[in-house]
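Here is the structure we will look at, set down as C-alpha cells.
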Amino acid sequence: MKIASFNINGIKARINALTDWLAGADADVVVLQEIKSVDETFPRAHFEDLGWNIETHGQKGFNGVAILSKLPLEDVIRGLPGDDGDEQSRYIEATVTGVQAVRIAGLYLPNGNPVPGPKYDYKLAWMERLRLRAQELLAAEMPVVMLGDFNIIPEARDAASPEKWREDALFLPQSRAALRRIVWRGWTDAIRARDPWSTRGPFTFWDFQGGAWNKDDGIRIDHMLLSPQAADLLEETGVDREARAGEKPSDHVPVWVRLAA
DNA sequence: ATGGTTGACTTTCAA
C-alpha cells in the first residue's frame, strides 16, 4: 500500500498539478492539506471519475484537509479530538484495508507565526491535543500512519539555512520539543528512518519568495510517522522533489511511504 | 535593502 501526503496550497489552483502527479504516482491513499475550500466546492466529481474515493474536511478560504483513496474509506473522523470549539479544519482520520487494515491520520499542523502571540499559543495547544490522540492511536496496537504538513523543522539538518529559522515558530526549541514529545513515545519518522545519516534534508518545502527553489533553500516539514506495527511493514519512502519544478507548483512536494499492507 | 510570492477573497490575511 502506497500512502502519500501533499500540501497542495489550494485545490482550485492546483487541480492540474495534482491530477498530473496522481497519474504518475501509483498511490493508493493520498492525504491533502490546504485545500482552501469548503466541502461543497471541492471538485469531487473530477477525482471520482479518476477512481478515487474522497473524504473532505474543509473550511472557507484557508486550511482544509482531505483523503483520496482507491480503496474504501471507513470510520472517518473529522477534526482533531479534544476541543469542540476549534473551528479550524486541520485533521481527518480514516481506515483503509488492503492486505490488512491501516489507520490513516492526515493533518495540517498550525504554522504558529508570529511568535509570540495567539497563533503560537494555538499551535502548542494543538500539538498537545495531537499528542493525546497519538497516544490513543499507539494504544490500538495496529498499523497507523500519521502524516501531513507538521510545520515543524525537526533538526538543523532539515533546513538549508537553519539560522534563518532560529526565531520562527517552525524551528523554535519549544516547537521541536513538542514534536519530540509525540514521536519519542514510539513513532518512526519514515523519511529519516530510511536515510538516518543524511546531513542535508531531504527538503519538502521551498518558499515562493526569494527564489528559494532556485537556491535549493528548502526545509523538511512534511512528515510521515509510523506506529510500530506500521514500521514493521515499511518497504520504501520517497520525496517527489521534481513536483516543485512543474507548472504552477505548490510550495510543498509530495512525500510517500510504501507498506507491505 | 525591512524587501519578496502565491492563493482565496475582498481589500487584506495567511503562509
Side-chain angles (χ1 to χ4, degrees), chain A residues 5-21 31-44 46-47 56-66 79-80 86-91 106-127 130 147-154 158-172 174-176 178-179 203-223 240-255:
Chain A
S5 172
F6 195 175
N7 180 325
I8 54 171
N9 196 351
I11 185 61
K12 192 175 167 188
R14 223 65 71 195
I15 189 159
N16 290 330
L18 176 59
T19 302
D20 291 349
W21 174 76
V31 299
L32 303 175
Q33 302 88 41
E34 286 202 86
I35 62 174
K36 295 186 175 181
S37 157
V38 294
D39 297 335
E40 292 73 23
T41 55
F42 189 93
R44 170 176 285 274
H46 171 82
F47 293 102
T56 61
H57 181 44
Q59 71 178 90
K60 185 177 178 177
F62 307 100
N63 306 325
V65 291
L80 180 63
D86 186 355
E87 306 271 314
Q88 300 193 28
S89 298
R90 297 178 170 276
Y91 189 86
L107 64 93
Y108 176 47
L109 207 147
N111 176 294
N113 284 303
V115 182
K119 291 188 175 178
Y120 193 56
D121 296 341
Y122 175 68
K123 177 177 194 148
L124 293 178
W126 202 95
M127 291 185 79
L130 182 64
L147 74 170
D149 177 358
F150 281 68
N151 268 318
I152 300 280
I153 303 166
D158 294 309
S161 313
E163 68 283 355
K164 289 203 297 201
W165 299 91
R166 193 172 305 280
E167 307 290 321
D168 194 283
L170 277 59
F171 192 57
L172 281 174
Q174 200 177 355
S175 306
R176 294 154 60 196
L179 180 62
F203 305 136
T204 67
F205 169 93
W206 297 260
D207 203 293
F208 286 128
Q209 301 185 60
W213 168 246
N214 290 327
K215 293 186 278 192
D216 195 24
D217 188 8
I219 53 177
R220 187 172 75 98
I221 55 175
D222 299 271
H223 307 302
D240 288 347
R241 185 185 160 93
E242 65 279 3
R244 189 63 176 79
E247 191 86 2
K248 250 174 93 79
S250 172
D251 40 6
H252 295 251
V253 297
V255 299

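What's counted below: heavy atoms across the whole structure, side chains too, no hydrogens, waters or symmetry copies. Chain letters run A, B, ... following the sequence lines, proteins first and then strands; every chain starts at 1.
A donor atom on one side chain and an acceptor atom on the other are not found under 3.5 Å apart for A:Lys119 and A:Asn113. For the 3.5 Å distance criterion, the side chains of A:Tyr120 and A:Ser175 qualify, holding a donor opposite an acceptor.
The side chain of A:Lys248 approaches B:dG7 more closely than any other nucleotide in the set B:dG7, B:dA14, B:dT10. Nearest to the side chain of A:Arg14, among B:dT10, B:dT6, B:dA8, sits B:dT6. Listed candidates were B:dA15, B:dT10, B:dA8. Nearest to the side chain of A:Tyr108 is B:dA15.
Side-chain contact between A:Val115 and A:Leu172 is present, with heavy atoms from C-beta onward closer than 4.5 Å.
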- Task: Please report the C-alpha distance between A:Thr204 and A:Asp222 in whole Å, then the side-chain angles of each, then the deciding distance to 0.1 Å, and finally whether the side chain to side chain donor-acceptor pair (under 3.5 Å) criterion is met.
- Result: CA-CA 6 Å; A:Thr204 67; A:Asp222 299 271; 2.7 Å; yes
- With side chain to side chain donor-acceptor pair (under 3.5 Å) as the test, would you mind laying out the steps for A:Ser89 and A:Asn63 before giving the verdict? CA-CA 6 Å; A:Ser89 298; A:Asn63 306 325; over 6 Å; no
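Ring geometry, A:Phe47 versus A:Phe42: the interplanar angle falls from 30° to 60°, so the pair is classed tilted.
Ion pairing between A:Asp217 and A:Lys164 holds under the 4.0 Å rule for side-chain N and carboxylate O.
For residues 213-223 of chain A, proximity to DNA chain B is found at no residue, defined as any non-hydrogen atom under 4.0 angstrom from a strand atom.
Nucleotides B:dA14 and B:dT10 place their P atoms 14 Å apart, quoted to the nearest Å. Spacing of P atoms, B:dA1 relative to B:dT12, comes out at 30 Å, to the nearest Å.
In this structure, the CG atom of A:Asp251 is 9 Å from the P atom of B:dG7, given to the nearest Å. Nucleotide B:dA15 holds its P atom 20 Å from the CZ atom of A:Phe171, rounded to whole Å. In this structure, A:Asp168 places its CG atom 10 Å from C1' of B:dA15, rounding to the nearest Å. A:Asn111 places its CG atom 5 Å from the P atom of B:dA15, with the value rounded to the nearest Å. The distance between atom NZ of A:Lys36 and atom P of B:dT12, rounded to the nearest whole Å, is 19 Å. Rounded to whole Å, atom P of B:dT6 lies 12 Å from atom CD of A:Glu247. As a whole-Å value, the separation of A:Gln59 CD from B:dC13 C1' is 13 Å. Distance, A:Asn63 CG to B:dC13 C1': 12 Å, rounded to whole Å.
At B:dC13, none of the side-chain N or O atoms of A:Lys119 fall inside 4.0 Å of OP1 or OP2 (strictly under the cut-off). An OP1 or OP2 oxygen of B:dA15 is reached within less than 4.0 angstrom by a side-chain nitrogen or oxygen of A:Arg90.
In this structure, A:Arg241 is not positioned above the aromatic face of A:Phe203 in the sense of NZ or CZ being under 6.0 Å from the six-membered ring centre and within 45° of the axis.
Residues A:Asn7 and A:Gly61 each lie close to DNA chain B; by heavy-atom proximity, the contact nearer the 5' end of the strand is made by A:Gly61. Nearest-nucleotide positions on DNA chain B place A:Ile11 closer to the 5' end than the other of A:Ile11 and A:Glu34.
Of the listed residues (A:His223, A:Lys123, A:Gln33), just one forms a side-chain contact (heavy atoms from CB on, under 4.5 Å) with A:Leu109, and that residue is A:Lys123.
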Filtered N/O pairs between nucleotides 1-5 of chain B and protein, under 3.5 Å:
residue : atom : partner  : partner atom : Å
B:dG4   : N9   : A:Gln209 : OE1          : 3.2
B:dG4   : N3   : A:Gln209 : OE1          : 3.4
B:dT5   : O4'  : A:Phe208 : O            : 3.4

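Between A:Met127 and A:Leu179, the shortest heavy-atom distance links the atoms CE-N, 3.5 Å.
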